[in-house]
Structures are given as structure tokens and as C-alpha cells.
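Single-structure report; data block below.
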Protein chains: 2
Amino acid sequence: MRAGERAHRLLHEDIVEWRLAPGTVLSEVEQAARLGVSRTPVREAFSRLLSEGLVEPQPGRGLAVSPVSAESVRAMFELRMALDAQAAGLAAQRGDAGLFAELARRLEAMAEDPGQDDDDRHAYYALADRLDAALDAAVASSYLVQAQRSLRVHLSRVRRLSKGDERRLRGAAAEHAQIARAVAAGDPELARACTRVHLSNSMAAILAAISTTREEHP
Amino acid sequence: MRAGERAHRLLHEDIVEWRLAPGTVLSEVEQAARLGVSRTPVREAFSRLLSEGLVEPQPGRGLAVSPVSAESVRAMFELRMALDAQAAGLAAQRGDAGLFAELARRLEAMAEDPGQDDDDRHAYYALADRLDAALDAAVASSYLVQAQRSLRVHLSRVRRLSKGDERRLRGAAAEHAQIARAVAAGDPELARACTRVHLSNSMAAILAAISTTREEHP
DNA sequence: TTCTTCCTCTATGTATACACAGGTTTGGGC
DNA sequence: GCCCAAACCTGTGTATACATAGAGGAAGAA
């Protein structure tokens, strides 16, 4: 694999998985040494991270991993609300009803009996990802899907904060199921409304997790 | 100014202003020679253009300026519909009523008497840009504004196609005025609806311009 | 003791040399 | 005359050398 691509993927993962904490300063030579490549591919990786918004220029000190705040989560969800609602609405008009009915059925089953261990959790996340992928495929609108994709990078970074909240998991499954049902029914307005409700709850859960974390590490 | 930044700005302008037509193949050495810099800053510029979506990788032939099609315009407006409607709604909740009332007043004047020469057109575009900037400032939501900004790059590329349509200009001014009025009135639902109407008309005008162009140059 | 100035060091910006891959063209053989 | 293979050429990928700017520290003067 190309060194530049590899460097980008490693740094990307390190940031999203919180191995590189927000505020950490990155220098080209330092990362080049750590990743075992020269500065050139690291420069390429930095440039991509910058355009993704995962790092910010730090005047005179190179780049720093961008911070995560309650304010930034709110801003993130104000965009996500617009994107996902639009996507759900378009999918309801264009999607394959059978596919979404099937997804709804499986999500409902999961909402009623979420299970407790890691395997069950992973099964739920996999199913939620399949719903996202099905929505992407149904809207077939490159710019919209692209915007969602680049936002999901940031979402996956903050979502780690609320993972493991069992009660939220059950609710999220039920909300996903209802979105899938609305799309299967071909009801754009309902699909949009369900999406807004789901995102509102998700955001509340993440904001709660952030304030808890802040209290633990003030 | 840094050579990489300059190279990016020049290439960016060349693409948006249609001096580099869609499909044109770009090679590092060629552009480095044309712009009078070495390959390194050109590489940086290419990488930024790639992440903006203005160029696409052409397997085995370097990069090519991305194509513009009726389909891509539709996809663009499906995203813009979501972003601008959300922005207008948020601005109606948060914006300074006085500022938008003033903008509405001036846009109405322009809709009633648009004028005919280039100066009048420029005055209208300047006013429309001021409305966009005021909406951006009012929503104060970094992710949403950032998404709008990156989409506007592509929009400005296709908007050139419909510029000079005098009848559309008058209608667009009236629609902008109504958006500003709705925001000034603090009515999010109306602001969203006005935005959707405006964008629907804009898209129709651009699609009409594209099919006309296609007929002229089949 | 503190402020200012200069020096140094470390960071990035740029150029260029070299490696390598893929496509095309040309030459030889059938 | 056609087909296959090899070499070349053009393109990007990577490393490194050098220029330069900015920040931080040290030293001298007030």
C-alpha cells in the first residue's frame, strides 16, 4: 500500500480512537519517525486530515488534533439533522420497500430483546450500519452521501463517548426500526420526523456522556 | 504567498471559471511548468482539489477535471436543499431581525427595479452574497456552514451556466427578499419553505441552461 | 530583577533526484 | 502481414537536501 495512504489511515484511526487526544500537537518529523516513512507522505496525510477537519493548524507549532466540545457536538448534529432527514425523505420516495421492511423487522427484534454481551452489541452496530448503507444506496445522491460520509468521521469520534450506554441502545434500536418502517412505507414526512426524533435523542445521550466525563476529569 | 497555496488558487479558479473544461487531464509536471513552481506545491494543490471534488483520479492518466451533468446538478441541489433550509430555519431562530429586515428591504427594491446593465447585476450578486454571509453568521454552526461553503464551490461552477438570464434575476431577487423577510420575522417554517421554493426555481433555471447548452454543442 | 535584543534551534516550505509502475510503440519472428 | 515481446517513455511515489521563518532562550543593559 502507498506510504501516504497508510500514514493517513494510521493517523486517522489514532485520532478517531482517541489514542491521540484532542489538543495533541503533531509535527511532520515526529510522525515520520513514528510511522517509519519520510516527511513527504506524512505531509500528504496531514493535508488530508486538515481537509477532513480532524486537525487544525496551530500557528507556529504545526498541527493539533481538533478539540471536541459540547458546542461542536451541537453544531455536528445541526448538520446531521439536515442531512439525515433529507436522506430519509429521499429514501422513502426512492427506496426498495422490501429491503427496508426486512431491516425494520430485524431492528424491532433487537429492540425487544437487545441481549447483553459484546456480540449482541456488535450485531446491533452492524445492523445500524446496514441501515445507513441502505439509505445511502437508496438516495443515490452523490453530494448528499459524500457530506454524510465526511460528517460520520467526526460522529464516530464523539460516539465513542456514549458507547456502552445499555438503556440508550434499546431506545436507539427502536428508533432505527421506526425509521426503517417509515421508509418502507414510502412516507417521506414520517421518515424525516422519525430521523429528527432519533437524532435529538442521540445528541442528548452524547451530551450527557460528555458532561459526565468532564466531571470525572475536570 | 506560499507557492502551494497560489498553485491551488490558480487551478481552482481555472476550473470554476471554466478555463479548464470538465474532462481536461492534468499532470503534475505540466502544471508545475505552467505555474512556474516545482512538483511539490502542485502535488499539494492537486490533493486539495481532489478533496474538494473538483478533480477526479483518472487511472493511469493522472487527474481529470470532474464532469458536470444534469444528474450532478440534481444531486447538488438535493444537498443544498437540506443545508440551506436548515440554515434558514436556524437563522430565523437566532438571527438579528433588524439586519435581515434591512436586507429584505434592499432586495425588494432590487426585485421591483432590477436595472439592466452589468453594474446592476453586480450589485444584485453582492447583495445576495451579503444575505448568504448574514445567514452564515446567524446560524453560527461551524459544521453546517463548512458544508455549505464546500458545496458553494461546485455551485459557482454550474451557476455560470445560467448567469445572464435576466428574467430569472428578477424572480431570484424577489425570492431572496422573501427569505430575508421570513428570517427577520423569526418564522423558521416559513424561512425553510421560502428557501425550498427558491432553490427549486434556481435548479430549474440551471437545468434549462444546461439542456440549451447541450443543444448548441451536442 | 526585569525588559529587550539577538542568536540559535527547530519547524515547515520548496526543489530535485531517484525509484518504480503502466502503457505504448517498435522491432523481430512466425 | 500480423502477433508477441521487450524496451522506452511518461507518469506518479518517495526520500532527502536546502532555504527560511518563527519561537524560545540566553545574555546584557537599565
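Basis for what follows: all heavy atoms, side chains included, without hydrogens, waters or symmetry-related copies.
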### Query
Separation of R43(A) atom CZ from dT14(C) atom P, in whole Å?
7 Å
### Task
May I have the distance from Q58(A) (atom CD) to dA23(D) (atom P), rounded to whole angstrom?
12 Å
### Base dG11(D) paired with R39(B) side chain (donor-acceptor, <3.5 Å)
no
### Check ion pair R152(A)-D84(A) (N to O, under 4.0 angstrom)
no
### Task
Round to a whole Å and report the spacing from CD of E30(A) to P of dC9(C).
20 Å
### Query
Using a cut-off of 4.0 Å on non-hydrogen atoms, how would the nucleic acid contact of T40(A) be classed: base, sugar-phosphate, or nothing?
base
### Task
Go through dT12(D), dA11(C), dT14(D) for me and flag the one nearest to the P41(A) side chain.
dT14(D)
### Task
Rounded off to whole Å, could you give me the NE2-to-P distance for the H8(A) and dG13(D) pair?
15 Å
### Message
Whole angstroms only, please: what is the CG-C1' distance between L35(B) and dT14(C)?
### Response
15 Å
#### Entry: Closest-nucleotide 5' rank along DNA chain D - winner of S27(B) and V37(A)
S27(B)
### Task
Round to a whole Å and report the spacing from CZ of R2(B) to C1' of dG22(D).
15 Å
### Message
One thing to verify: whether E17(B) and R157(B) come together as a salt bridge, which I'm taking to mean a side-chain N less than 4.0 angstrom from a carboxylate O.
### Response
no
### Query
Expressed in angstrom and rounded to an integer, what is the separation of L63(A) atom CG from dT10(C) atom P?
19 Å
## Note on the structure
Among the nucleotides dG13(D), dG13(C), dA15(D), whichever has the atom closest to the side chain of E28(A) is dG13(C)
### Query
Got a sec, which pairs hit ring pair (Phe, Tyr, Trp, His ring centres under 6.0 Å) with one end in residues 139-160 of chain A, sequence neighbours left out?
Y143(A)-H154(B), H154(A)-Y143(B)
### Task
Answer yes or no: is there an ion pair linking E78(B) with R74(B), defined by an N-O contact shorter than 4.0 Å?
yes
### Spacing of E5(A) atom CD relative to dT12(D) atom P, expressed in whole Å
17 Å
